[in-house]
Structure formats: C-alpha cells, structure tokens
Amino acid sequence: MATTIPSSCRVPHFVGNKEIKFKEKAVPEPGPGQLLLRVHANALCGSERPQFFDGAPVTPGHEAAGTVVAAGPGTNTQVGTTGAIFLMDFCGECRSCRLGFTNQCLRKRGDMGFNRDGGYGQYELIHENIFFPVPDEFSAAESTLLLDVMGTGGHAIERCRLMRPDIESLLVVGAGPIGLAVLTMAKIVIGQQLKVLITDIVSYRLKLAERLGGLPINVRENSLSAGIQSHGLVQVDMTVDTSGKQVARQEAVDATAQRGSLICVGHGEGITLKISPDIIAPERSIVGSEYFRYNELPANLQRLQAHRGYLSQIITHRMGVDQIQLAFETFFFGCETGKVIIEQ
Ligand SMILES: [Zn+2]
Ligand SMILES: [Zn+2]
C-alpha cells in the first residue's frame, strides 16, 4: 500500500548560536536514480558542532536510517525497503570508486547533512547508490550503528591491520562516540584477547568504555605512561587518535612501540614530529582514516547481527525530534552520553 507523502513538512532549522528552530520545507520528489526515504532515526555526531554553533543552510543529519517511500525512474529498490544512508554521495565511476574507495571519490556529488538535506528532517532524498538495505528486524536506531560507529570505527581498525599484522595491544585516545566505536570494532574484528586501552578525562565515558571491554586510563588523574603501566604494558602496538588534540597525539606517538602506527580519525589540531627518532628509527607511521568505504557495509551488517546487544550499548539516549534542542545540549555540553539518537 502506498504511503501518502505530504507536499511539505516541519523540519529542524539550525539557525546558529546553539539554537534549533523548526521550519516548513517542501518534500522533494525523486528524480532518475533517486530514492525518497522517510527517516526514522538519525544519530548525533561530534562533527555537527559547527552546524549547532554557527547554523546550517541545509537540514543537518548524516547518520540516518529509514524506509524507502518513493523511487525514481531507473532504480531497483522496492518501496518499503528499510536501510541506512551512506554520508558521501559518491559518483561510482571515478578511479577511486571503481576500486571501491568510495570514501575517496574524486567527483563526489555531495555530503548528506552537510551540503545536502540530511536526516533530521522526516524525508531525505538520496541517490540510490548510497542506500544500504538493512533487514527490518533491526530498528532504524540500530541501523544507524552501521554508519559512524561500525563504519568509521571499523575502517580505523582496517587501517591498523593494513599497517601491522601482529596487533596485541591498542591505545584509543578519547572515549567519545568514535573512541567507543573504535574500541568495540577492535574487539569484534581483531578479537576479545586484544588489550584495548582507552583514555579520557570524563569518568562517565571511561565507565562506559570499561563495560565494553576497554582498559580505562583517566588522563586527568594520571599521566598516559603511568596509565599504560597500570595495565601491565610499557608501550602499545598501535594507537588510534579520536581526540584531535595535539598534546594527546604527541603523547600517543611516544606511547606507540616500534613498527606501530598512529591512526588519526579525529579532525582537529596538528602534530610536530622529530622524523629520525619518531618515524625512521622505529619505523612508525602516521595514517589517516576518513569515514569508511560503502563496500565495508555488508560485513558490518553480519557483525551487527552477531554482536547486536554489545554494540547497542553505545546508544545511551533516544529522543523524539521535538527534543532535538535538548538532545544537542545533552550531547555537546553534558559529556555524559554515548550515541544520542533522534527518532521520528
Ligand atoms: Zn558522524
Ligand atoms: Zn567517484
């Protein structure tokens, strides 16, 4: 049965100065190769800070899941299919895309929720190639775990494994949502025996990390090296930085053993390196990790099926869209959340 799609709907409007109002916006019709989704869940993300503080010309939201309600000409997805939306509107034809590196598309059409209307509105218009079907046994909130949690976290772990085959210990800098994502995906992909040390200054986050199997280090109370020693190690095999802080990255390089890498996931500040002692002699590397490839999604869906309860612990708050202002304040000012999800 066809759903009635309204011609317009009320959507959050990020006006700047940490204020979210609502406005009426037309609901678009899908053109050739496009799908229209009724969004049911969208997760908040630290990368939305500029949109919350300074406003946004589009409707934000880049961790969305929902149901296809209309399909344009030339598409193959059935109306009624549920699934998640990949952030990057990749072209599918460039040299990167042809090799599967869709997170490095050379002719990207846009970024959903950043320069295209995203998932805090009720309806989202996308190109079909960025839709990933998810069985409807999973709620939309659970489906969002495939994006910045399992996708971004899992891609960082893949970058780690690319640099080093024998990973016995991993340091995750920062226990915010991406840090927790890296922790959980490290445990799932590399194995439960892996020692995952994780730092933060917020005890709520460290407790959550500990429940997820991490070895917490409170860097407000201890130096990083003392924290590492408290878990029986001197250095770690690999490090993933999710903090974006220069001081933390400098310390992380020193904490990483010979043949190790610092994988940078958190955008932000810089780093100063002494090339001979930091990089050449110990054969360390510094590696970037940006979002993930669309073709990582099928394996992550299987992992979600196998580790559903474990991964769902990262979602700590689920709120209706009418509470979006409170949701953003709780997420950005409280520091006592994992993933916060807006549902509608
Ligand atoms: Zn995000
Ligand atoms: Zn491309």
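One-based numbering, in listed order, for ligands and for the atoms of each.
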**Asked** Hey, mind stepping through T144 and N42 against side-chain contact (heavy atoms from CB on, under 4.5 Å) and telling me if it holds?
**Response** CA-CA 7 Å; T144 67; N42 193 105; 5.8 Å; no

Flag yes if I190 and V149 sit in one hydrophobic cluster, no otherwise; membership is Ile, Leu, Val, Met, Phe, Trp, Tyr, and two members link when side-chain heavy atoms are under 4.5 Å apart. yes

- prompt: Is R10 salt-bridged to E24, cutoff N-O under 4.0 Å?
  reply: no

Report for the Zn ion (ligand 2), protein N, O or S closer than 2.8 Å, by chain and number, lists C91 SG, C94 SG, C97 SG, C105 SG

Below 4.5 Å, heavy atoms only, C-beta onward: do F90 and Y294 meet side chain to side chain?
yes

Given a cut-off of 2.8 Å, the protein N, O or S atoms lying below it from the Zn ion (ligand 1) are C45 SG, H62 NE2, E63 OE2, D148 OD2

Dump the intermediate steps for side-chain contact (heavy atoms from CB on, under 4.5 Å) on I188 and Y310, then the final yes or no.
CA-CA 10 Å; I188 290 170; Y310 173 60; 4.0 Å; yes

Next on the checklist: So that I know where these two stand, are Y120 and F328 an aromatic pair - ring centroids less than 6.0 Å apart?
Outcome noted: yes

* To do: Indicate yes or no: at least one non-hydrogen side-chain atom of I342 is less than 4.5 angstrom from one of L44.
  => yes

A252 and V173 have their tightest heavy-atom pair at CB-CG2, 4.2 Å

Handout entry: Main-chain N/O of Q78 paired with T81 side-chain donor or acceptor, under 3.5 Å
Key = yes

